[in-house]
Novice: 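Take a look at the following structure, please.
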Amino acid sequence: MKKNSTVLVPPEEMEKQRHFSELIYSKNLEFSSEIGRKPLAFVRTFGCQMNEHDSEKISGMLEEMGYGFCDGFEDADLIVLNTCCVRENAEDKVFGHIGGLKHLKKKRPWLVTAVCGCMTEQPHIVSEIKKSYRNVDLVFGTHNLHRLPELLYRVLDGGVRVYETSRTDNEVAEGVPVKRCGNVQAWVTVMYGCDNYCTYCIVPYVRGHERSRRPEDILAEVKKLCALGYSEITLLGQNVNSYGKDLEEGTDFAELLRLICENTPMRRIRFMTSHPKDISDRLIDVIAEFPAICNQLHLPVQSGSTRLLKRMNRHYTREQYLETVAKVRGRNPGITLTTDIIVGFPGETDEDFEDTLSLVEQVRYDQAYTFIYSRREGTPAAKYPDQVPEEIVKERFGRLLELQNRISREISEGYLGKTVEVLCEGFSKTNLSRYTGRTDGNKIVNFTSPENVTGRLVNVKIESIQTWSLEGSVTE
Ligand code: SAH
Ligand code: SF4
Ligand code: F3S
């Protein structure tokens, strides 16, 4: 057995959870006959796609337990806050909401409130909730999501507060029901956790060790999604390039992509996130080889300074990163490249920051997600003595944003008058008379169409641009 070898949650445990789910279902039937409607759940998600997908699982379990769903706090009989702690402002936002639950409980004394996700994997947060937020009934973590039926039953049946954060972090649960948000695009987790320990990052501490799902389970899920009519999947992992390191059979991520392409009719396949340190030539080749794999790569650089990259424990230099970009572009012309950048990492000098600006200028990303460094208790960088003063960080952040906005806009302008192929995902959220979708390269396109083309690939002529999105009309 390899170190940290991943194990499946035993079938008996999953069976037990189904049993508790049925018990809650019976309780909810009683509720429905008394009140004249199903109990309603509201699941609010903070954080990344991984959390979005976890919320889809939470909703899937709740649906099986007989819950209906509502879109806000006011109507809910059960509120679940699925939290993020990657930066301090994410945590502050959640505490604001937890505080607000108190007055909701006064109005609706039967209201059940739960807090889960990455924040609750930090012992000091759990202690704080226990002590200062007595209005929270249930706390659970990221590794025991599948135990929600049992934990919720203990709250509903015993009227007690239940706290259970993770007991183990080498398990993968299969067979958890999923209530998906979209009808066209779906998330598929390929691996959980992270073993990279970048010095600024809390994720490995709250998401645990890397655990890969078995290829056969992933294939079965993708096949099912095809049968349900989904056209696009995004494979999720904190670092998908580590996929398979913990598996006996030795399937790596490039091989997994090949298996999906060769064994399922899925039309579009995306994935995130790829750590630049272990992008393999095989992966770069597979993207080029299979048309179903979208011509797009999210390749977080974090900084353009080799000195800072070392301090961040990223295991690549500026030059190595640029070489990877050149290789990717050489093999996949026109590929959309996006990135994450942190500004104000401890010890960042003017020179380091200039290195970041020049790298951004050189790579010309389609889009960059830029973050102000946030000190995370328990990470090595939180103890570094040379934290950068706030005013300097803000000024640098503004300059980076301005540069990237200009580049994004220039790239978007290149699309004016061109016709692009778009997979329509449905009506645009901001303007219901328009449709929205994305190109193979992940550009968002909002467009008009004489008929409903949801779920279809259509040609759209680009007539105007926003910084990050394109606008046009169907040409067919
Ligand atoms: N696993 C992914 C990203 C996870 S977190 C990856 O490695 O790419 C998403 C992004 O949040 C990171 O890429 C990083 O840019 C940012 N981030 C993580 N910790 C941070 C911190 N302490 N302060 C500011 N940004 C942070
Ligand atoms: Fe965090 Fe680094 Fe892991 Fe990404 S690779 S989740 S930034 S520790
Ligand atoms: Fe994602 Fe935030 Fe957790 S970014 S992994 S939800 S800490």
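This one's a predicted model, so the numbers in the text were calculated from it and none came from an experiment. Read the numbers this way: they start at 1 and go in the same order the structure lists the ligands and their atoms.
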Novice: Do me a favour and list the nearest non-hydrogen protein atom to atom 3 (Fe) of ligand 2 with residue, atom name and distance?
Specialist: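 For atom 3 (Fe) of ligand 2, the nearest protein heavy atom is Cys194 SG, 2.3 Å.
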
Novice: Given Met266, which of Val222, Ile293, Val188 fulfils the side chain to side chain contact (heavy atoms under 4.5 Å, CB included) condition?
Specialist: Val222

Novice: Rounded to the nearest 0.5 Å, what's the gap from CD on Glu248 to OG1 on Thr6? Could you check?
Specialist: 9.5 Å

Novice: Could you tell me if Arg44 sits above the aromatic ring of Phe46, with its cationic atom closer than 6.0 Å to the ring centre and no more than 45 degrees from the axis?
Specialist: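 Positive - Arg44 is close enough to the ring of Phe46 and near enough to its axis.
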
Novice: Atom 7 (S) of ligand 3: which of Gly47, Cys85, Pro204 has the nearest heavy atom?
Specialist: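 When every heavy atom of Gly47, Cys85, Pro204 is considered, Cys85 comes closest to atom 7 (S) of ligand 3.
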
Novice: Would you mind telling me if ligand 2 is within reach of the side chain of Tyr200, the backbone, both or neither, using heavy atoms under 4.0 Å?
Specialist: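 Only the side chain of Tyr200 comes within reach of ligand 2.
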
Novice: To the nearest 0.1 Å, how far is atom 1 (Fe) of ligand 3 from its closest protein heavy atom, and which atom is that?
Specialist: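 Here the nearest protein heavy atom works out to Cys48 SG, 2.3 Å.
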
Novice: Need the ligand 2 atom indices (1-based, order shown) with element for anything under 4.0 Å from a heavy-atom of Tyr197.
Specialist: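 Counting from 1, the qualifying ligand atoms are 8 (S).
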
Novice: Arg207 and Thr142: side chain to side chain donor-acceptor pair (under 3.5 Å), yes or no, with the steps?
Specialist: CA-CA 6 Å; Arg207 286 273 171 181; Thr142 57; 4.9 Å; no

Novice: Please list the nearest protein heavy atom to atom 2 (Fe) of ligand 3 with its residue and the distance rounded to 0.1 Å.
Specialist: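 For atom 2 (Fe) of ligand 3, the nearest protein heavy atom comes out as Cys84 SG, 2.4 Å.
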
Novice: Can you confirm whether or not the ring centre of Phe140 sits under 6.0 Å from the ring centre of Tyr163?
Specialist: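 Ring-ring flag for Phe140/Tyr163: false, centres at least 6.0 Å apart.
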
Novice: Under 4.0 Å, heavy atoms only, figure out whether ligand 1 is touched by the backbone of Gln238, its side chain, both or neither.
Specialist: both

Novice: Taking 4.0 Å as the limit for heavy-atom contacts, which would you say applies to Ile372 with ligand 1: side chain only, backbone only, both, or neither?
Specialist: backbone

Novice: With heavy atoms under 4.0 Å as the rule, classify the contact between Pro300 and ligand 2 as side chain, backbone, both or neither.
Specialist: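 It is neither; nothing of Pro300 touches ligand 2.
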
Novice: Have a look at Asn196 and tell me which of Arg314, Gln238, Lys277 forms a side chain to side chain donor-acceptor pair (under 3.5 Å) with it.
Specialist: Lys277

Novice: Quick one: does Arg207 get within less than 4.0 Å of ligand 3, heavy atoms only?
Specialist: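 Checking ligand 3 against Arg207, which is what was asked, there is a heavy-atom contact under 4.0 Å.
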
Novice: Taking the six-membered ring for Trp, are Tyr321 and Tyr316 parallel (under 30°), tilted (30 to 60°) or perpendicular (over 60°)?
Specialist: tilted

Novice: For Arg314, state whether at least one heavy atom is located under 4.0 Å from any atom of ligand 2.
Specialist: yes

Novice: For the residue pair Tyr197 and Tyr205, categorise the inter-ring angle as parallel (less than 30°), tilted (30 to 60°) or perpendicular (more than 60°).
Specialist: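 Correct class here is perpendicular.
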
Novice: Starting from atom 23 (N) of ligand 1, find the nearest protein heavy-atom neighbour and note its residue, name and distance.
Specialist: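 For atom 23 (N) of ligand 1, the nearest protein heavy atom is Ser374 N, 2.9 Å.
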
Novice: In the protein, which heavy atom is nearest to atom 7 (O) of ligand 1, and how far is it?
Specialist: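 Heavy-atom neighbour on the protein nearest atom 7 (O) of ligand 1: Arg314 NH1, 3.9 Å.
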
Novice: Which residue and non-hydrogen atom of the protein lie closest to atom 6 (C) of ligand 1, and at what distance in Å?
Specialist: Thr273 CG2, 3.7 Å

Novice: Checking contacts here: is it the side chain or the backbone of Val203 that comes within 4.0 Å of ligand 2, counting heavy atoms only? Could be both or neither.
Specialist: side chain

Novice: When you compare the side chain of Met61 with that of Lys179, does any pair of heavy atoms fall below 4.5 Å?
Specialist: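 No, side chains not in contact.
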
Novice: Using a 6.0 Å distance limit plus a 45 degree cone around the ring axis, check whether Arg311 lies over the aromatic ring of Phe345.
Specialist: no

Novice: Hey, would you say the His298 and Tyr369 ring centroids sit under 6.0 Å apart?
Specialist: yes

Novice: Within the 4.5 Å heavy-atom criterion, are Lys16 and Arg147 side-chain neighbours or not?
Specialist: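 When only atoms from C-beta onward are counted, Arg147 and Lys16 do touch, with a gap below 4.5 Å.
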
Novice: Need the ligand 2 atom indices (1-based, order shown) with element for anything under 4.0 Å from a heavy-atom of Pro204.
Specialist: 8 (S)

Novice: Are any non-hydrogen side-chain atoms of Lys383 and Thr199 less than 4.5 angstrom apart?
Specialist: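 When only atoms from C-beta onward are counted, Thr199 and Lys383 do not touch, as no gap falls below 4.5 Å.
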
Novice: Tell me whether Gln302 reaches ligand 1 (any heavy atom closer than 4.0 angstrom to a ligand atom).
Specialist: yes

Novice: Considering Ile202, Thr370, Asp340 one by one, which has a heavy atom nearer to atom 12 (C) of ligand 1 than any of the others?
Specialist: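 That would be Asp340.
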
Novice: Counting only N and O atoms by type, is there a donor-acceptor contact under 3.5 Å from the side chain of Arg213 to the main-chain atoms of Val190?
Specialist: no

Novice: Is there any N or O on Tyr373 that sits under 3.5 Å from an N or O of ligand 1?
Specialist: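 No; the residue has no nitrogen or oxygen that sits under 3.5 Å from a nitrogen or oxygen of the ligand.
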
Novice: Test of understanding: given a 4.0 Å heavy-atom threshold, classify the contact between Pro300 and ligand 1 as side chain, backbone, both, or neither.
Specialist: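 Side chain only.
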
Novice: Starting from atom 1 (Fe) of ligand 2, find the nearest protein heavy-atom neighbour and note its residue, name and distance.
Specialist: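 Here the nearest protein heavy atom works out to Cys201 SG, 2.3 Å.
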
Novice: Determine whether the side chain, the backbone, both or neither of Val86 has a heavy atom under 4.0 Å from any heavy atom of ligand 1.
Specialist: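 The part of Val86 near ligand 1 is both the backbone and the side chain.
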
Novice: Which atoms form the tightest heavy-atom contact between Arg376 and Cys85, and what is the distance?
Specialist: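 Distance-wise, the nearest heavy atoms are NH1-O, 2.8 Å.
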
Novice: Any idea which protein heavy atom is nearest atom 2 (Fe) of ligand 2, and the distance to it?
Specialist: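 The answer is Cys198 SG, 2.3 Å.
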
Novice: My understanding is that we take every heavy atom of each candidate and find the minimum distance to atom 16 (C) of ligand 1. Doing that for Arg375, Arg87, Gln49, which one comes out nearest?
Specialist: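 Among Arg375, Arg87, Gln49, the closest heavy atom to atom 16 (C) of ligand 1 belongs to Arg87.
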
Novice: Gln238: heavy atom below 4.0 Å from ligand 3, yes or no?
Specialist: yes

Novice: Indicate yes or no: does an N/O atom of Tyr200 lie under 3.5 Å from an N/O atom of ligand 1?
Specialist: yes

Novice: List the atom of Gly347, the atom of Val388, and the distance in Å for their closest heavy-atom pair.
Specialist: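 Result for this residue pair: N-CG2, 4.0 Å.
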
Novice: Provide the number and element of each atom of ligand 2 under 4.0 Å from a heavy atom of Gln238.
Specialist: 6 (S)

Novice: Does any N, O or S atom of Cys118, backbone or side chain, fall under 2.8 Å from atom 3 (Fe) of ligand 3?
Specialist: yes

Novice: Can you tell me the protein heavy atom closest to atom 5 (S) of ligand 2 and the distance?
Specialist: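 Among all protein heavy atoms, the one nearest atom 5 (S) of ligand 2 is Asn196 ND2, 3.4 Å.
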
Novice: Considering only heavy atoms of Arg376, which atoms of ligand 1 have at least one such atom less than 4.0 Å away?
Specialist: 22 (N)

Novice: Aromatic ring centroids of Phe69 and Phe42 under 6.0 Å?
Specialist: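 Here the rings of Phe42 and Phe69 have centres that are no less than 6.0 Å from each other.
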
